Amino acid sequence: MSSNNDSVAVSVTGGNSSDLPGNSNDPNTLTRKTVLSFHNISYQETVQHGFPFCKTTHVVERLSNIRLLDVLAARKDPRGLSGDILINGEPRPANFTCTSGYVPQNDVVMCTVTVRDNVEFSAALRLPMTMTRDEKRSRINYVLGLLHLDKESNVKPRSKELRKRTSIAMELVTEHPILFLDDPTTGLDLRTTADVILILKKMSKRGRTIIFSINQPHYSIFKLFDNLTLVASGKVMFHGPAQEALRYFSMATFCCENSFSHGIWGENRCSQECCLALMQTYYLHSEVFFMNIIAGGFFALLDTEEDGHEANEHNKLSERQQQLTEKLANKYIQSSIYNEMRTELDPLLGEQKTGRSSALEKITFVTPFWYQLWWIICRSFKNFKGFPRITVIWAIITVLLAVIVGTTFRVLRNDCTEVQTRASLIFSITILQCVISVTAGEVLVIDRDRFPHEHTSGYYRVSSYFLGKLLGDLVPRRLLPSIIFTIIVFSIAGVNTDVKGFFTMIFTIMMLASSASSLPLSIGAGQIAMAVPAVIVTIYFVFMLFISGLYSINITQGLSWIKYLSIPHYGFTALLHNEFLGQNFCPENKTAEISRCHNYVICTGEEFLAIQDIDFSSWGFWENHVALACIMIILLSIT
């Protein structure tokens, strides 16, 4: 089939959305009367196979001349796209993903916050700053009422139906004139599906262009469609008024040549009325009618009824289906419906025949960086509060573990082993910071579907999202437990320190925890699951903790350099420096007790630090923090 014949328009010609509260006249938004047309669309993707450093690359044509939702909505990499996608005959805007709505098949709403919180987040970041808070609130209330969510606005969207309606509300609140939906009825029962489609129907009457893909719609749902586009093997089988589709496929050219000419009605004649009656009956009793039509299954069924035998050769059936697809595509090109559509489309194509106009796609934002950062942090804290049971369990575990560790070291303390006990206590705290940081990568993994959608839709910049996740998720989930654990352990263990030493220790703990958490973030970013990155990070920390211990093992000179790649080494060294510098463990009032010790007693902190080959100077302390900061910056940059 010639690719230059594949042109389709999806349009809306009546109504407008100016009745929405808080309607803005933003010049960057699309017009309310919108015609979207696509011409000669092809999409190719570069695929790599093989092992790292020896991969083979080849180009795969993912579709033949046509691809619907993701390509039309600019949700695919534009480098593989050829053809023209026009809005009212003009090139599609470079920021089309930010000026049109898109509801993905897998709902990406946050289920730990309420319906209203999700819609407010979308409105806050995607509506212009010139709108007042009251105007935004009025818009939100209107959309919630339109989708019958006003009575459930303070409910968390746990059910599939509630998540779907919330996803649609998050797009409708922006008032974009074009809304794409990727199979909005997936996983919904018939009643809920009808509710969703009726809502979309209502929005289309108000001036929105609603474009969605759907799989096996019920006949009662099909009757609500305005226009229908059928695609098989990348070729357009039909595009036009949905209610004309049955009559179009009942044309004698299709039915008679394949079945009725053989006399399955008892006559050797072609009856378009009989064909239409059979097709209507078949559709009313099957939700896959058009899928069978374009795949050849319907005519295969008729032949089976005629001949009384099964289609035994799979290759013959596949060949026949391919031939039928080509035939239907060619018939469509020759039909009057296609000619009428081309008459409408040719003026729209205009001067755009020479190439595609969306190569310079970009993402634009209507809110500044600091505003996006604030809302991301707020949503992260609300998400954190959405797990009260898990939060309480983690708090109980942290406190119990701190009490056990602190009590154990308090019982083991004595004048003869005071230095070793304190060093072991600090080493235990270092181990804890490394252990709890192993799962830090989950902070990004849980957003692996939500982030691409929201960023592409113009919610926020990558920088504001990343910084917001660090401040809103890592602080309450990683740093606070570490600080609380350290304070409880040192209080129970009876370790005395001055105010300066205490806050210096807390700062060192925060630096160690942050650096340790940045490692799983850098390894786990972009991964589907955290299993493999968690294993890699665990192996790293186990190995480095072994080297950064109390040097009870004799490390050969050739391997001593490894400690400089160790995050635990820098944290442990800084904690030892802060704890032991200036300490006297052999006071005069304990001379008698110490004289009875059977082991060699280290009396000063400086002596212990010298044994550990730790520099006494201020730089000997702060160089560890500089190293931790550099490691953290490098790893977060990789992330």
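Just so you know, these numbers use all the heavy atoms, side chains as well, and skip hydrogens, waters and symmetry mates. When a residue number appears, it is its place in the shown sequence, counting from 1. Since this is a predicted model, take the numbers as computed values, not measurements.
Comment: Lys469 engages Asp447 in a salt bridge, judged by a side-chain N to carboxylate O separation of less than 4.0 angstrom. The pair Asp107-Lys160 counts as a salt bridge, with a side-chain nitrogen and a carboxylate oxygen less than 4.0 angstrom apart. The pair Glu171-Arg126 meets the salt-bridge criterion, with a side-chain N (NZ, NE, NH1 or NH2) lying under 4.0 Å from an Asp/Glu carboxylate O. Contact check on Glu135 versus Arg139 returns no salt bridge, with no Lys/Arg side-chain nitrogen under 4.0 Å from an Asp/Glu carboxylate oxygen.
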Could you please spell out the steps behind the side chain to side chain contact (heavy atoms under 4.5 Å, CB included) verdict for Ile214 and Phe222?
CA-CA 10 Å; Ile214 192 168; Phe222 169 77; over 6 Å; no

Can Tyr459 and Gln372 be said to form a side-chain hydrogen bond (donor to acceptor under 3.5 Å, both in side chains), step by step?
CA-CA 8 Å; Tyr459 281 75; Gln372 297 171 2; over 6 Å; no

Applying side-chain hydrogen bond (donor to acceptor under 3.5 Å, both in side chains), run through Thr112 and Asn383 and close with a yes or a no.
CA-CA 5 Å; Thr112 53; Asn383 178 53; 2.3 Å; yes

Could you walk me through whether Phe212 and Phe225 pass the ring pair (Phe, Tyr, Trp, His ring centres under 6.0 Å) check?
CA-CA 10 Å; Phe212 62 89; Phe225 297 168; 5.6 Å; yes

Step by step, work out the side chain to side chain contact (heavy atoms under 4.5 Å, CB included) result for Leu125 and Tyr460.
CA-CA 7 Å; Leu125 297 183; Tyr460 42 67; 4.0 Å; yes

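Across all non-hydrogen atoms, the minimal contact from Thr367 to Leu127 is CG2-O, 4.2 Å. The shortest heavy-atom contact between Pro157 and Cys111 is O-SG, 3.3 Å. Among all heavy-atom pairs drawn from Asp473 and Pro476, the shortest one is O-CD, 3.3 Å. Of all non-hydrogen atoms in Ser514 and Met632, the two that sit nearest each other are CB-SD, 3.4 Å.
For the pair Ser522 (side chain) and Ile638 (backbone), a donor-acceptor distance under 3.5 Å is absent.
Note that CZ of Phe121 is 7.5 Å distant from CE of Met110, once rounded to the nearest 0.5 Å. Taking OG1 from Thr193 and NZ from Lys164, the interatomic distance works out to 10.0 Å, rounded to the nearest 0.5 Å. To the nearest 0.5 Å, the span separating CD on Glu152 from CG on Leu144 amounts to 10.5 Å. Note that OG1 of Thr99 is 8.0 Å distant from CD1 of Ile178, once rounded to the nearest 0.5 Å. A distance of 9.5 Å separates CG of Leu636 from OG of Ser517, quoted to the nearest 0.5 Å. Rounded to the nearest 0.5 angstrom, Ile377 CD1 and Ser464 OG are separated by 10.0 Å.
Here the side chains of Tyr248 and Leu228 are not in contact, with every heavy-atom distance at 4.5 Å or above. Using a 4.5 Å cut-off on side-chain heavy atoms (C-beta onward), Cys98 and Ile363 make contact. The closest side-chain heavy-atom distance from Thr185 to Pro217 is not below 4.5 Å. Looking at Leu179 and Arg208, their side chains never come closer than 4.5 Å, going by heavy atoms from C-beta outward. In this structure the side chain of Arg116 reaches within 4.5 angstrom of the side chain of Asn141, judged on heavy atoms. Between His455 and Phe365, some side-chain heavy-atom pair lies under the 4.5 Å cut-off.
Between Phe451 and Phe466, a ring centre-to-centre spacing not shorter than 6.0 Å is recorded.
Around atom CZ of Arg158, more than 12 heavy atoms belonging to other residues, nucleotides or ligands sit under 6.0 Å away. Applying the 6.0 Å contact sphere to NZ of Lys385 captures no more than 12 heavy atoms from other residues, nucleotides or ligands.
Counting only N and O atoms by type, the side chains of Asp182 and Ser213 include a donor and acceptor under 3.5 Å apart. His176 and Ser100 share no side-chain donor-acceptor pair at under 3.5 Å.
With sequence neighbours left out, the side chain to side chain donor-acceptor pair (under 3.5 Å) criterion links Asn106 to no other residue.
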